[in-house]
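See structure below.
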Amino acid sequence: MALTIITLIKQVPLPSEMRMGDDGLMDRTKAKSITNIDCQFGLEAGLQLKKRYPDARMIVCSMGPQSFEQSLKRSISMGYDEAYLLSDRKLGGSDTFATGLAISTMLKHLGFHKDSKEPFIILSGRQSSDGDTAHVPSQVAEAMGLPQATFIERIEANPDGTITARRIIEGGYQILKLPMPCVISFTPTGIKPRKPSLLGAMKARRSQIVVKSVDDIKMSEENQKLIGINGSPTLVAGIENIESDRPPIMMAVGNSEKELVDSLIENIEKGGNELVKKEAKAKKEVDTTGMEVVDLRGDNKGIITWAEVTGDKIGRPSLELLTPARHLAEQLGNDTKITTVLIGKNVKHLAQTLFEHGTDEVVVVEHDKLEEYLILPFADIMTQIICQRKPEIALFAATTAGRELAPRVGMKTSSGVTADCTALEIGDYVDRKNSRVIRPILHSRRPTFGDSKLATILGSVYPQISTARAGTFAVPEVQAGRTGNIIEFQPTLKDEDFVTSIVETVRGDGGLTSLFEADIIVSGGRGTVGEELKLVKELAEALKQQGYKAEWACSRVVVDEGYAEYARQVGQTGKTVRPKIYIAVGISGAIQHLAGIKEVGKIIAINQNPKANIFRHADFGVCGLYQDILPELIERVKQGYAFGVTK
Amino acid sequence: MEENIVKTDVLIIGAGPSGLSAAIHLADLFKQNELDKQIIVVDKGQSVGSHILSGAIIKPKVFSELMPDVKKEEIPFNSKVTKDAMYMLTSRTSSFKMPFTPPYMGNQGNYVASLGEICRFLANKATEKGVEIYTGFAMSELLYDEADNVIGAKCIDTGVDHNGEKLENYVEGTGVQADITILAEGTRGSLAKQLIKKKNLHEGKNPQIYSLGCKELFSVPEGTISPGEVYNTMGFPAMQDGVFGGGFIYGLTDNRVALGLVLGLDYADPTYDIFRALQIWKTHPFVEKFVKEGKLLEYGAKTLPEGGFYSLTKYYTNGAMIVGDSAGFLAMPALKGVHLAIYSGMCAAKTALEAFKQNDFSEETLKKYKEFVEKSPIYKEMYKCRNFRQGFSKGTFAGMFNFGTQIITGGAGFCGKLSVKSDAEHTKTIADFKKTTFKQKYASYDLDKPYVFSKVDDVFYSGTLHDEEQLVHLRVKDMQKYVSENIAKYDAPCQYYCPAEVYEIHTDRNTGHKELRIHSENCVHCKTCDIKEPLQAIEWNVPNGGNGPDYKNM
């Protein structure tokens with residue numbers, strides 16, 4: 001019985017092809033298509049697994065237009081044997097729920113299901129660069145009833161047929177053990193995708209991609225109603241441009257490093273120059289006279305959130321979540337309650353923290369087996385609670401756990417999920433087709449298309465599920481002594497929910513995922529190589545000592561010269577970071593680097609060259625030798641200064 | 001394990017005009033002769049055209065010979081040349097229009113084109129004829145039989161670290177065995193170089209000499225230039241520096257202008273920087289008016305073989321033929337190689353047909369290639385200008401005189417075959433170069449203009465990318481000697497001539513020790529370092545397939 005390795009891929013526009021246009025937005029119109037980078041890591045993981053199972057049958061699958069054949073052929077040239085493309089006009093405009101449903105239907109049709117006698121494993125990328133949701137792997141797993149592991153870096157095949165997987169979690173990693181069949185999604189940090197061989201390319205040229213339609217895969221009539229633009233539970237209601245241009249720089253003035261730093265601090269306090277925005281065009285008011293206003297919520301009522309517990313504490317992102325939750329509750333009015341689900345072992349005492357942050361009710365689920373988060377039981381429990389309590393909105397923090405849990409729950413409740421939102425509002429939807437206004441409805445806003453646009457996404461199935469980008473919302477102010485109802489919930493736990501086991505969980509100082517979480521990043525460029533970034537590191541360290549989330553990073557040249565590991569590289573070929581403050585030290589501001597800091601809150605540039613390009617793209621500038629400026633800044637930080645960032 | 005060797009009939013390495021023409025013509029000939037043979041074309045660029053860079057002004061006639069069934073209108077030329085003028089830039093600010101176009105340089109009836117676009121067109125035609133084109137694969141070595149006859153080539157092994165150690169994603173390069181291997185790698189082809197050396201194919205020839213062309217493509221406001229307007233410039237800044245060559249400015253559709261500077265690499269100044277010369281040239285009022293309001297779209301750089309007739313290498317050996325720029329087929333002074341590349345590809349195709357008919361792939365049969373070339377327009381064009389470029393190696397003014405005498409004597413000039421040194425040998429040490437160096441001369445030249453770019457910024461616009469995990473493809477043969485000779489005596493010319501800032505000299509702050517740092521990821525595959533570095537101290541090798549620039553309309 002040979003193993004079958006199935007890898008799911010998507011084709012996307014090449015991110016590096018997307019150049020910034022005159023308007024500061026990504027121009028993706030001329031972009032070429034590539035196999036999504038994360039998916040390439042999935043493909044490689046499959047080929048690595050084949051080393052352990054040399055007889056494995058290698059299958060690659062995708063869903064999309066005919067042009068996706070390009071990526072499927074490339075997969076064959078890397079070493080895959082068969083390729084299937086699910087391509088049908090009926091699927092056009094499918095959201096992630098519909099995509100997960102369609103792909104899982106195809107896989108079942110191909111003979112792969114939970115009880116297949118032949119062993120198989122499904123691999124995929126973590127998320128696509130154009131959609132950025134990371135939903136589909138979870139949804140496929142749920143639709144097929146398989147265990148899953150997402151955000152995986154590496155896997156090992158064990159002699160007993162199980163898989164050991166290394167999962168990236170906030171500030172560390174976790175080792176999981178799963179049985180096959182299962183679904184595993186890969187981050188782009190594992191083994192790099194191989195180059196195709198010419199022999200493989202020749203094989204690909206002679207191979208046939210099997211194209212399947214919705215009818216070919218025998219999708220049920222009922223399910224066919226759930227796909228495509230009309231069937232999908234979510235729809236994109238609007239897209240607007242994000243104005244990402246920065247205002248002109250505010251330079252520090254002074255004759256000594258002390259004066260310069262004083263001036264810089266003063267500038268930061270002033271908030272910098274103002275961006276003169278172009279007048280936004282007045283939005284066309286849609287004439288809704290004569291339209292019926294309908295409320296489709298039925299008996300769904302209230303907002304439910306999930307509180308993630310790590311190390312006997314409620315995770316910060318789960319507390320942040322209570323800010324938009326309260327906002328929505330107020331908008332909905334009518335005594336809308338916020339219910340938070342708290343799952344774990346001995347977690348009841350944490351309910352008080354939730355009340356003090358604004359939760360009205362806490363559903364406590366305690367069980368010895370629930371000490372640590374595991375996708376299967378947690379998804380089951382959340383679903384049971386949602387089915388019982390029927391909320392209209394369910395919110396999850398977009399952490400590694402939240403981003404896999406929400407879609408899995410969404411699949412179980414047939415709800416669409418909106419990932420990684422940065423704004424949540426209650427509004428209307430003018431359903432012109434049926435000449436009616438749906439009110440109230442959740443507007444989930446999320447950056448998309450390389451963060452150059454803001455999409456508003458609506459859900460038509462209740463509860464509407466969204467995940468909120470960590471760090472976007474402030475933690476609500478603590479209302480000491482505030483209390484609420486505690487409801488204990490006894491879930492039905494199935495043995496099969498515990499087929500995955502956690503071998504080890506390591507949460508350290510975070511390694512480099514902390515670059516994404518840092519509020520302040522101190523970054524060194526070519527100019528700082530001379531002293532091996534000593535002062536850059538010192539400034540970051542000083543901020544850390546003061547209790548801020550700070551980290552040091554660098555530009556490409558520093559990595560090239562061997563003074564930092566690649567993981568610290570910021571820029572087009574490195575990481576895109578979003579701290580509140582980015583301090584660019586000795587960085588000239590090459591275009592490649594700027595691409596990685598476009599979304600930074602405020603950029604502070606320190607450079608001795610007044611003509612350095614970085615000054616044209618920063619908010620605050622200090623022109624001077626960093627060797628003079630940084631020690632002064634470090635001193636201020638030690639005295640408590642933190643560039644206006646709060647802990 | 002599957003056998004990682006593929007057998008085919010014809011392997012063509014390089015999907016430029018010469019390789020694709022060879023493929024197209026050979027496919028036609030096979031069909032006419034009812035031979036069922038497989039033709040494989042392999043190119044290191046990520047797609048056809050990615051590594052193609054040319055002015056380009058193209059003589060259209062050759063296309064009707066290559067593809068008699070294709071109408072001229074089908075070929076994606078950009079625009080017909082409507083205006084053709086030569087300007088002499090006499091100083092930093094002044095210029096005059098030359099009253100006539102120098103002989104062989106007229107462009108009536110020619111077309112401005114993006115050669116990349118033309119190549120994509122040719123590739124489609126070839127594919128229609130059954131040719132298999134594989135892009136993104138770099139062939140790094142030739143395969144030989146026991147008798148040292150060429151029997152194919154092998155792709156580079158991928159998935160290795162900087163030291164060549166195999167990584168987890170290691171993939172062995174596929175070997176391709178073929179009855180005939182046609183090397184069409186373009187200027188300074190690395191396999192052609194290996195073959196020429198091994199088989200001593202350049203014996204008795206002049207060394208090949210090259211120019212480096214740096215080109216920028218701008219989007220400009222309406223009315224700046226019309227499509228088909230062609231200007232060539234002589235003079236500033238190169239002539240004043242004693243360097244051969246000039247500039248070109250071509251108007252393209254959609255309000256775009258292609259411009260660049262093409263300068264001979266046979267200069268003596270070790271600090272000469274052609275990229276910087278291009279930036280300086282753009283500040284001349286005659287050029288500035290075209291780019292002042294422009295927005296950079298693309299950048300690229302490439303060398304071209306200018307040695308001409310006497311520098312042509314022997315372009316055939318047992319099992320292999322060399323076509324196009326790799327062999328040195330380029331007509332000076334018009335600086336046109338595209339049509340000659342196509343003719344050479346066609347000649348090689350005719351020869352290959354003969355070889356398959358006789359089932360003999362030895363030099364005995366392949367020498368027909370030379371006969372075909374000599375009967376083709378290549379010979380006519382190259383022979384009459386056989387001494388053109390060599391005459392300029394003493395500077396443009398001496399060259400003008402020499403060229404004049406050549407026109408009168410039908411190409412011979414006053415002294416038969418002018419011999420030349422290689423470009424690398426022309427570079428003088430700092431001590432021997434008595435004049436003001438380029439570096440000194442332009443040290444304080446005001447280049448703070450919006451249309452002037454740094455090398456690094458321009459490289460961004462070449463779209464160049466290199467896999468991190470591979471052997472560095474630029475290798476210094478002896479680093480110790482490099483420090484004591486090339487850095488100490490020549491001031492490391494690579495830091496100046498390289499148009500992509502691949503080379504950097506790093507000085508240790510404390511000890512003052514200088515060392516060479518190689519940023520191979522910037523490389524735009526122009527091969528200047530392989531050509532120009534004194535003592536031939538740097539070797540250019542092919543990096544992984546699909547690496548290098550990603551030219552779209554160059």
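Residue numbers start from 1 in every chain, and the chains themselves are labelled A, B, ... in the order their sequence lines are given, proteins ahead of strands.
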Original post:
Are more than 12 heavy atoms from other residues, nucleotides or ligands located less than 6.0 Å from atom NZ of Lys292(B)?
Top reply: no
Original post:
Quick one: CG on Leu167(B) to CZ on Arg194(A), what's the gap to the nearest 0.5 Å?
Top reply: 11.5 Å
Original post:
In this structure, are over 12 heavy atoms from other groups packed under 6.0 Å from Lys166(B) atom NZ?
Top reply: no
**OP:** Check whether any side-chain heavy atom of Met202(A) sits under 4.5 Å from a side-chain heavy atom of Thr174(B), and report yes or no.
**Re:** no
Subject >> Gap between atom CD of Glu168(B) and atom NZ of Lys51(A) - 0.5 Å precision >> reply: 6.0 Å
Subject >> From OG (Ser77(A)) to CZ (Phe137(B)), nearest 0.5 Å >> reply: 5.5 Å
Original post:
Is it the side chain or the backbone of Pro54(A) that comes within 4.5 Å of chain B heavy atoms, both, or neither?
Top reply: neither
Subject >> Beyond-backbone contact of Val6(B) with Leu198(A), side-chain heavy atoms, under 4.5 angstrom >> reply: no
**OP:** Please flag which part of Ser47(B) lies under 4.5 Å from any non-hydrogen atom of chain A: side chain, backbone, both or neither.
**Re:** side chain
Original post:
Among Gln48(A), Lys195(A), Glu44(A), Met78(A), which has the most heavy-atom pairs under 4.5 Å with chain B?
Top reply: Lys195(A)
Original post:
More than 12 non-hydrogen atoms from neighbouring residues, nucleotides or ligands closer than 6.0 Å to CD on Glu156(A), yes or no?
Top reply: no
**OP:** Step through the shown structure and confirm whether more than 12 heavy atoms of other residues, nucleotides or ligands are within 6.0 Å of CZ on Arg616(A).
**Re:** no
Original post:
Where does Arg74(A) contact chain B at under 4.5 Å (heavy atoms): side chain, backbone, both or neither?
Top reply: neither
